[in-house]
*Asks:* 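One structure follows; several queries about it will come next.
Numbers here are sequence positions counted from 1. Please read all numbers here as calculations on a predicted model, not as lab measurements.
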Amino acid sequence: QMQVAESGGGLVQAGGSLRLSCASSGRTISTHGMGWFRQAPGQAREFIGVMNWRGTDVLLADVVKGRFTISKGNAENTVYLQMNSLETSDTAVYYCAVAEHNYPPTLAHEFTYWGQGTQVTVSS
């Protein structure tokens, strides 16, 4: 079964940048998207963006457009979430997930495999 793991979370000052990394065990023929979500305490899981498995297309949520971007890593089956101009409202647990639906999936239930999450805390 495919496995997913995030890394790179931590504490960062407002206005700063942070890059999260996601590594998966390997893509299958049915893998269509590599996505990022976040969840703050007491809130629903929020869609951030998704990249197709080829790394040729990225869809970002309006709330992060212009600040965040998703890119394909050099290592096989890796994807990055580059976060710039971080704000305190970006504080959340960030999750990487793999979807087997047709691109682009945007809902949590469309993603089959999930990482354990990594904490991002933005201080003022």
Side-chain angles (χ1 to χ4, degrees):
Q1 188 178 52
M2 178 173 288
Q3 295 180 339
V4 182
E6 314 92 337
S7 62
L11 177 65
V12 64
Q13 191 175 8
S17 299
L18 198 64
R19 187 178 73 172
L20 305 183
S21 178
C22 176
S24 62
S25 62
R27 294 186 179 93
T28 68
I29 193 170
S30 62
T31 298
H32 292 161
M34 300 286 293
W36 288 94
F37 289 77
R38 66 185 182 186
Q39 187 167 23
Q43 301 184 23
R45 191 160 296 186
E46 180 184 29
F47 172 75
I48 296 174
V50 64
M51 180 181 69
N52 70 344
W53 76 272
R54 295 168 296 173
T56 58
D57 187 77
V58 173
L59 174 67
L60 295 172
D62 289 340
V63 70
V64 301
K65 284 182 179 178
R67 298 191 300 122
F68 293 8
T69 191
I70 299 172
S71 61
K72 183 177 177 63
N74 291 329
E76 190 173 2
N77 300 325
T78 62
V79 62
Y80 297 115
L81 176 65
Q82 179 67 47
M83 303 184 293
N84 299 322
S85 301
L86 283 164
E87 304 168 355
T88 56
S89 58
D90 295 318
T91 296
V93 176
Y94 283 70
Y95 298 90
C96 178
V98 176
E100 296 181 325
H101 299 267
N102 289 335
Y103 184 86
T106 60
L107 303 176
H109 71 80
E110 296 179 291
F111 290 80
T112 304
Y113 304 99
W114 292 81
Q116 78 288 344
T118 184
Q119 177 71 47
V120 173
T121 302
V122 183
S123 63
S124 61

*Asks:* What distance separates Tyr80 OH from Lys72 NZ, expressed to the nearest 0.5 Å?
*Replies:* 10.5 Å
*Asks:* Could you state the interatomic distance from CD (Glu110) to CZ (Phe47), rounded to the nearest 0.5 Å?
*Replies:* 9.0 Å
*Asks:* Side-chain contact, heavy-atom cut-off 4.5 Å: Leu11 with Gln119?
*Replies:* no
*Asks:* What's the separation between atom CG in Asn77 and atom CE in Met2, rounded to the nearest 0.5 Å?
*Replies:* 6.5 Å
*Asks:* Could you walk me through whether Tyr103 and Trp53 satisfy the ring pair (Phe, Tyr, Trp, His ring centres under 6.0 Å) test, starting with their C-alpha distance in whole Å, then the side-chain angles of each, then the deciding distance to 0.1 Å, before giving a yes or no?
*Replies:* CA-CA 9 Å; Tyr103 184 86; Trp53 76 272; over 10 Å; no
*Asks:* Within the 4.5 Å heavy-atom criterion, are Val12 and Ser17 side-chain neighbours or not?
*Replies:* no
*Asks:* Side chains of Arg67 and Asp90: closer than 4.5 Å at any heavy-atom pair?
*Replies:* yes
*Asks:* Would you call the rings of Tyr94 and Phe68 parallel, tilted or perpendicular, taking 30° and 60° as the class edges?
*Replies:* tilted
*Asks:* Report yes or no: does Glu6 contribute a side-chain atom to a donor-acceptor pair with the main-chain N or O of Gly117 at less than 3.5 Å?
*Replies:* yes
*Asks:* Are Tyr95 and Leu18 connected in the hydrophobic side-chain network, where two residues link if heavy atoms are under 4.5 Å apart?
*Replies:* no
*Asks:* Once rounded to the nearest 0.5 Å, what's the spacing between atom CG of Leu20 and atom CD of Gln82?
*Replies:* 9.0 Å
*Asks:* When clusters are formed by joining ILVMFWY residues with side-chain heavy atoms under 4.5 Å apart, either directly or through shared neighbours, do Leu81 and Val58 land in the same one?
*Replies:* yes
*Asks:* Heavy-atom distance under 4.5 Å between the side chains of Glu100 and Tyr113, does that happen here?
*Replies:* yes
*Asks:* Can you tell me how the ring of Trp114 sits relative to the ring of Phe37, calling it parallel under 30°, perpendicular over 60° and tilted otherwise?
*Replies:* tilted
*Asks:* Starting from Val79, can I reach Val50 by hopping between I/L/V/M/F/W/Y residues whose side chains sit under 4.5 Å apart?
*Replies:* no
*Asks:* Can you establish whether the number of heavy atoms outside Gln116 located under 6.0 Å from its atom CD is more than 12?
*Replies:* yes
*Asks:* Atom CE of Met51 and atom CE of Met34: how far apart are they, to the nearest 0.5 Å?
*Replies:* 6.5 Å
*Asks:* Is it the case that one hydrophobic cluster holds both Leu107 and Trp36, taking links as side-chain heavy atoms less than 4.5 Å apart, direct or via other members?
*Replies:* no
*Asks:* How close do Val4 and Cys22 get, counting heavy atoms only, and between which atoms?
*Replies:* CG1-SG, 3.5 Å
*Asks:* From Glu87 CD over to Ser124 OG, what is the distance, rounded to the nearest 0.5 angstrom?
*Replies:* 12.0 Å
*Asks:* Using side chain to side chain contact (heavy atoms under 4.5 Å, CB included), reason through Val63 and Arg38 one step at a time and then give a plain yes or no.
*Replies:* CA-CA 12 Å; Val63 70; Arg38 66 185 182 186; 4.1 Å; yes
*Asks:* Do Phe111 and Val64 sit in one hydrophobic cluster, given that two such residues count as connected whenever their side-chain heavy atoms are within less than 4.5 Å of each other, even indirectly?
*Replies:* no
*Asks:* Is it the case that the side chain of Asp57 and the backbone of Asn52 share a donor-acceptor pair, with hydrogens and angles ignored and the cut-off at 3.5 Å?
*Replies:* no
*Asks:* May I ask you to decide if Ala92's main-chain N or O and Gln39's side chain share a donor-acceptor pair within less than 3.5 Å?
*Replies:* no
